[in-house]
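Heads up, the thing below is written out as structure tokens.
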Protein chains: 2
Amino acid sequence: MKRKPSTEATSAWIRLMRVQSRVLDCVEQDLKKAGFPPLAWYDALLELSRAPTGELRPVELERQMLIPQYSTSRLIDRLVDEGLAARRECKIDKRGQFVEITEAGRELQKRMWGAYSAAIEKYVGSKLSDADAVKLSALLDRLGCSCGEMKLPVNESATAR
Amino acid sequence: MKRKPSTEATSAWIRLMRVQSRVLDCVEQDLKKAGFPPLAWYDALLELSRAPTGELRPVELERQMLIPQYSTSRLIDRLVDEGLAARRECKIDKRGQFVEITEAGRELQKRMWGAYSAAIEKYVGSKLSDADAVKLSALLDRLGCSCGEMKLPVNESATAR
DNA sequence: TCAAGATTGATGCATATGCATCAAGTGCGG
DNA sequence: CCGCACTTGATGCATATGCATCAATCTTGA
């Protein structure tokens, strides 16, 4: 059976794209003006800081953040260069490694959250009632799941590009 | 007065980010597998094809697409290299120029819309009723406007990153 | 136990992006 | 009319990303 290409879906998608990129630009701009590194760093630090042991395998980080493998690899390089994380040997799998967040990393993550949450409040919270935010979340959730075959990690996390 | 950082807004924002990037990945993947260039090309071609005369000043394109000036400049380079657009002299302002879409450009835009609309249907339309899509659009609209000082072009357009 | 295949993470190379700056042209105030 | 600030669009350079591929290790199954 033929299904007419839904105008409503198209228009919702276009708004989704535009709003997301507009707001993201604003948020990143604020963070950058406050002298912070890109959001991807925050995401990684957050994931690491949440791990019970403060360390994760790169491959886990990659799956949490939904970014390609080489991207994870180089992101870790940068975090390590800045002393925000450290590579630790993985005894159970010699191919692999653990990435452990450092104290400096935890501290940066917390400071960034200050600026980040303020930006979210400014660009999202102030425009939407709590009830509407809940509705929005619910509608988005329906889109999120099972796009192709990957699974969407549902945890309250950061933003991953 | 102090305003507690809304958990709801935060969670809505995170979902917005994740869903957008997930679905966008899927859509771009489909387009790429079908042998098409990136969505940004489509956006530009669409804007050009919509212009009554089939041509726009780079600076207009830039404002429509919400991308930085140098990015527009180089995107146009690529379109021109591929014969999808042509630079035309601007008689009224000798600094400037017009970019005109070619027949090949119009044709590619139409072919891409075929694949693009199919992807939107697949990843968005099939997951959301029309009514829900409308609700989603409405909620997103509230976020879109007046982030900082720029204006959101409301026209039904493509996606601009 | 060992070979074939899969997984983990790094990297060389081409391309794309961000930033700063530039040259050319416009337009406004005096 | 002139000079000065602004707009338009391009570009050099550093950095980031995507793609393909690699080496090392792990796992499976005959």
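Hydrogens, waters and symmetry mates play no part in the numbers below; they use all other heavy atoms, side chains included. Proteins get letters first, then strands, A, B, ... in listed order; numbering begins at 1 in each. All of these numbers come straight from a predicted model, not from anything done at the bench.
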So what does B/S73 hit on the nucleic acid, given a heavy-atom distance under 4.0 Å: a base, only sugar-phosphate, or nothing?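 The residue B/S73 makes base contact.
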
For A/R74, report the nucleic acid contact type (base, sugar-phosphate, nothing); a contact means any heavy atom under 4.0 Å. base

Testing the basics here: between A/V99 and A/L48, what is the closest heavy-atom pair and its distance to 0.1 Å?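 What the structure gives for the nearest pair is O-CD2, 3.5 Å.
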
Just N and O in the side chain of [X]: are any of them under 4.0 Å from OP1 or OP2 of [N]?
{"X": "B/Y70", "N": "D/dA10", "answer": "no"}
{"X": "B/K94", "N": "C/dA23", "answer": "no"}
{"X": "A/Q97", "N": "C/dA10", "answer": "yes"}

Contact nearer the 5' end of DNA chain C, comparing B/S71 with A/Q69: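 Upstream on the strand: A/Q69.
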
With nearest nucleotides of DNA chain C determined for A/G96 and B/G96 from heavy-atom distances, which residue corresponds to the more 5′ nucleotide?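 It is A/G96 whose nearest nucleotide is closer to the 5' end.
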
Of the nucleotides [options], which has the atom closest to the [X] side chain?
{"X": "A/D93", "options": "D/dT25, D/dT8, C/dA10", "answer": "D/dT25"}
{"X": "A/R63", "options": "C/dT8, C/dG25, C/dG18", "answer": "C/dT8"}
{"X": "B/P68", "options": "C/dA10, D/dG18, C/dG18", "answer": "C/dG18"}

May I have the distance from [X] (atom [atom1]) to [N] (atom [atom2]), rounded to whole angstrom?
{"X": "A/L61", "N": "C/dT8", "atom1": "CG", "atom2": "C1'", "result": "14 Å"}
{"X": "B/L39", "N": "C/dA16", "atom1": "CG", "atom2": "P", "result": "15 Å"}
{"X": "B/W41", "N": "C/dA16", "atom1": "CH2", "atom2": "C1'", "result": "12 Å"}
{"X": "B/D81", "N": "C/dA14", "atom1": "CG", "atom2": "P", "result": "18 Å"}

Five pairs per end, C1' atoms only: what is the angle between the end axes of the helix from C/dT1-D/dA30 to C/dG30-D/dC1, to 10 degrees?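 Inter-axis angle at the termini of the helix from C/dT1-D/dA30 to C/dG30-D/dC1: 20°.
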
Please determine which of A/R88, A/R50, A/R87 meets the salt bridge (charged side-chain N to carboxylate O under 4.0 Å, His left out) test together with A/E55.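 Per the salt bridge (charged side-chain N to carboxylate O under 4.0 Å, His left out) rule, the option paired with A/E55 is A/R88, out of A/R88, A/R50, A/R87.
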
Please figure out whether A/R95 or B/F98 has its closest DNA chain D nucleotide nearer the 5' end. B/F98

